[in-house]
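Let me begin by presenting the structure, written as structure tokens, before commenting on it.
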Amino acid sequence: MDKDLTPWYSPEWFFPSTLRSFTWENSWMLWFLLAVPVVFLVRWFIRQNTNQKLSVAITRQDLHASPLALLRLIPDVLMFLTLALLITGLARPQKSNEKVEQWTEGIDIMIALDISQSMLIEDFVPNRLEAAKEVAKNFIDGRVQDRIGLVVFAGDAFSMAPLTTDYDLLRAYLKDITYEMIESKGTAIGSAMAVVTNRMGESDAKSKVCILLSDGDNTAGNIDPITAAELATAYGIKIYTIVVGKEGMVPYGKDFFGRPNMVENTIDESTMRKMASIGGGEFFRATDNRALEQVFARINQYEKAEIKETRFKDTSDYYYIYVSWAVAFFLLWLLLKSTFISNILQD
């Protein structure tokens with residue numbers, strides 16, 4: 001209900017729905033409404049016991065009840081309403097219209113995912129690559145209004161998805177990733193970092209983050225990973241590096257009888273550690289699916305978009321509505337006190 005459109009004399013102000021829509025600045029005043037009928041009952045009781053009575057001898061058959069006799073109660077009813085409406089006005093009925101303006105300063109995040117053949121080792125379930133794809137998908141699901149891109153690399157590197165907020169597209173790309181997408185064998189970590197820098201170099205986001213996931217050995221490419229990390233840092237890109245996999249004998253494929261083939265696996269953490277240190281991020285080591293999930297969860301907590309909020313509260317008072325009704329009833333009470341309705345003997 002708009003106070004500018006509904007006149008004060010409209011009965012809508014007394015509808016239960018209208019009264020429930022108010023907030024009451026002085027809600028404690030409403031308790032005095034219970035005292036109003038008590039005051040009138042006490043007043044009636046005192047009159048009944050203290051007023052002078054005149055004995056008149058008449059027969060019962062001469063007594064006639066008339067509905068018109070109830071008219072003498074109108075002044076009391078008007079005074080009752082006047083007091084109740086004054087108390088309602090003093091309780092300060094209000095309506096507040098709160099508006100919230102909210103916006104976020106998003107983060108640009110590039111996920112660089114190793115898809116080399118070594119990522120098919122099955123020390124993760126079902127293998128390193130599929131486990132990485134699953135946690136990357138869950139990570140994307142947990143972001144809001146951040147631009148996210150994908151870079152895949154093996155012996156070479158290329159940008160699979162530019163920075164975008166189309167998370168459905170990113171999930172579709174992740175689903176389609178296989179180790180066969182890049183023919184060049186090996187792991188070109190430096191090349192992957194260079195592609196990330198190329199994609200994010202012109203970004204004007206307040207925060208730029210690269211999450212680089214690999215088994216840790218740089219065996220291909222013509223760009224040194226450390227040099228690539230220094231270049232990325234010059235563009236304000238924070239680098240998180242994740243090395244996946246266990247050292248020693250790990251399962252890789254199956255033999256003729258369906259038994260796992262065990263192969264020797266070595267991991268060089270030093271390069272990835274140094275890249276994270278240069279990039280101002282953090283290095284992580286994940287040896288199973290659960291550990292990898294925890295790594296992405298920690299990064300998700302570290303890199304939160306800044307949410308800014310501005311609130312506007314517009315409060316309108318409606319006490320004047322009920323005070324106006326109270327004044328109207330009081331003036332009517334004064335008028336009726338000077339008419340035949342008033343009981344002059346009692347007054």
Per-pair distances, 0.1 Å, donor-acceptor, side chain in residues 271-278, under 3.5 Å, sequence neighbours excluded:
from, atom 1, to, atom 2, distance (Å)
Arg273, NE, Glu269, OE1, 3.2
Arg273, NH2, Glu269, OE1, 3.2

Flag the pair Lys238 and Glu303 as a salt bridge only when some basic side-chain nitrogen lies within less than 4.0 angstrom of an acidic carboxylate oxygen.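 Yes, Lys238 and Glu303 are salt-bridged.
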Is the number of heavy atoms from other residues, nucleotides or ligands within 6.0 Å of [atom1] ([X]) greater than 12?
{"X": "Tyr173", "atom1": "OH", "answer": "no"}
{"X": "Glu264", "atom1": "CD", "answer": "yes"}
{"X": "Tyr319", "atom1": "OH", "answer": "no"}
{"X": "Tyr235", "atom1": "OH", "answer": "no"}

Find out if a path of hydrophobic residues (ILVMFWY) with successive side-chain heavy-atom gaps under 4.5 Å connects [X] to [Y].
{"X": "Val295", "Y": "Val244", "result": "yes"}
{"X": "Phe296", "Y": "Leu174", "result": "yes"}
{"X": "Ile115", "Y": "Leu170", "result": "yes"}
{"X": "Leu30", "Y": "Val39", "result": "no"}
{"X": "Leu213", "Y": "Ile177", "result": "yes"}

Could you tell me the separation between the [atom1] atom of [X] and the [atom2] atom of [Y], rounded to the nearest 0.5 Å?
{"X": "Ile109", "Y": "Leu150", "atom1": "CD1", "atom2": "CG", "result": "11.5 Å"}
{"X": "Tyr322", "Y": "Leu85", "atom1": "OH", "atom2": "CG", "result": "9.0 Å"}
{"X": "Ile242", "Y": "Asp215", "atom1": "CD1", "atom2": "CG", "result": "13.0 Å"}
{"X": "Ile148", "Y": "Asp166", "atom1": "CD1", "atom2": "CG", "result": "11.0 Å"}
{"X": "Asn198", "Y": "Met193", "atom1": "CG", "atom2": "CE", "result": "11.5 Å"}
{"X": "Glu180", "Y": "Leu120", "atom1": "CD", "atom2": "CG", "result": "8.5 Å"}

Determine whether the side chains of Asp217 and Thr187 contain a donor N or O and an acceptor N or O closer than 3.5 Å.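 Asp217 vs Thr187: no donor-acceptor pair found between side chains.
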Pair Ser116-Asp114, side-chain donor/acceptor within less than 3.5 Å: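 The answer is yes; a qualifying pair exists.
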Quick check: closest heavy atoms across [X] and [Y], and the distance to 0.1 Å?
{"X": "Ala112", "Y": "Val196", "value": "CB-CG2, 4.1 Å"}
{"X": "Asp146", "Y": "Thr165", "value": "O-CG2, 3.7 Å"}
{"X": "Asp156", "Y": "Ser184", "value": "N-CB, 4.1 Å"}
{"X": "Pro225", "Y": "Asn218", "value": "CG-CG, 3.5 Å"}
{"X": "Ile87", "Y": "Phe32", "value": "CD1-O, 3.6 Å"}
{"X": "Leu113", "Y": "Lys133", "value": "CD2-CG, 4.1 Å"}

Pairwise side-chain contact, [X] with [Y], heavy-atom cut-off 4.5 Å (strictly under):
{"X": "Val77", "Y": "Leu81", "answer": "yes"}
{"X": "Arg143", "Y": "Asn300", "answer": "yes"}
{"X": "Met181", "Y": "Phe158", "answer": "yes"}
{"X": "Phe284", "Y": "Gln294", "answer": "no"}
{"X": "Asp317", "Y": "Glu25", "answer": "no"}

I'd like to know if the side chain of Asn26 and the backbone of Leu90 have a donor-acceptor N/O pair within less than 3.5 Å.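 Between the backbone of Leu90 and the side chain of Asn26 there is a qualifying donor-acceptor contact (under 3.5 Å).
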Looking at Thr18 and Phe14, would you say the former's side chain and the latter's main chain have a donor-acceptor pair under 3.5 Å?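 No; judged by distance alone, with no hydrogens or angles, the pair does not exist.
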Give the ring-plane orientation class for Phe22 versus Trp24, where under 30° counts as parallel, over 60° as perpendicular and anything between as tilted.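 Ring orientation, 0 to 90° scale: perpendicular.
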Angle between ring planes, Tyr320 versus Tyr318, binned at 30° and 60°: parallel, tilted or perpendicular?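 The rings of Tyr320 and Tyr318 lie parallel, inter-plane angle below 30°.
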What's the verdict on side-chain contact (heavy atoms from CB on, under 4.5 Å) for Ile321 and Tyr9, showing C-alpha distance, side-chain angles and the deciding distance? CA-CA 8 Å; Ile321 298 291; Tyr9 50 82; over 6 Å; no
Between Leu331 and Leu335, does the side-chain contact (heavy atoms from CB on, under 4.5 Å) criterion hold? Intermediate values first, please. CA-CA 6 Å; Leu331 293 175; Leu335 178 65; over 6 Å; no
side-chain contact (heavy atoms from CB on, under 4.5 Å) partners of Val195, counting only residues at least two apart: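 Scan of Val195 (side-chain contact (heavy atoms from CB on, under 4.5 Å), adjacent residues dropped) gives Val151, Ala157, Ser159.
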By the definition side-chain hydrogen bond (donor to acceptor under 3.5 Å, both in side chains), identify the one residue from Arg199, Arg147, Lys208 that meets it with Asp108.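 Output: one option passes, namely Arg147.
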Output, in order, the C-alpha distance, side-chain angles, deciding distance and verdict of side-chain contact (heavy atoms from CB on, under 4.5 Å) for Arg298 and Glu282. CA-CA 10 Å; Arg298 286 179 64 181; Glu282 194 170 336; 3.1 Å; yes
Verify side-chain contact (heavy atoms from CB on, under 4.5 Å) between Leu292 and Asp288, making sure each step is shown before the conclusion. CA-CA 6 Å; Leu292 187 57; Asp288 55 34; over 6 Å; no
For a quick test of your reading: what N or O donor-acceptor pairs under 3.5 Å do the side chains of residues 121-128 make, sequence neighbours left out?
from, atom 1, to, atom 2, distance (Å)
Asp123, OD1, Arg128, NE, 3.0
Asp123, OD2, Arg128, NE, 3.3
Asp123, OD2, Arg128, NH2, 3.0
Asp123, OD2, Lys246, N, 2.8
Asn127, OD1, Leu129, N, 3.1
Asn127, OD1, Glu130, N, 2.8

Pair Trp333, Phe330 - check ring pair (Phe, Tyr, Trp, His ring centres under 6.0 Å), show working. CA-CA 5 Å; Trp333 176 80; Phe330 180 73; 5.7 Å; yes
One pair to check against ring pair (Phe, Tyr, Trp, His ring centres under 6.0 Å): Trp13 and Trp8. What are the steps and the verdict? CA-CA 8 Å; Trp13 297 108; Trp8 69 269; over 10 Å; no
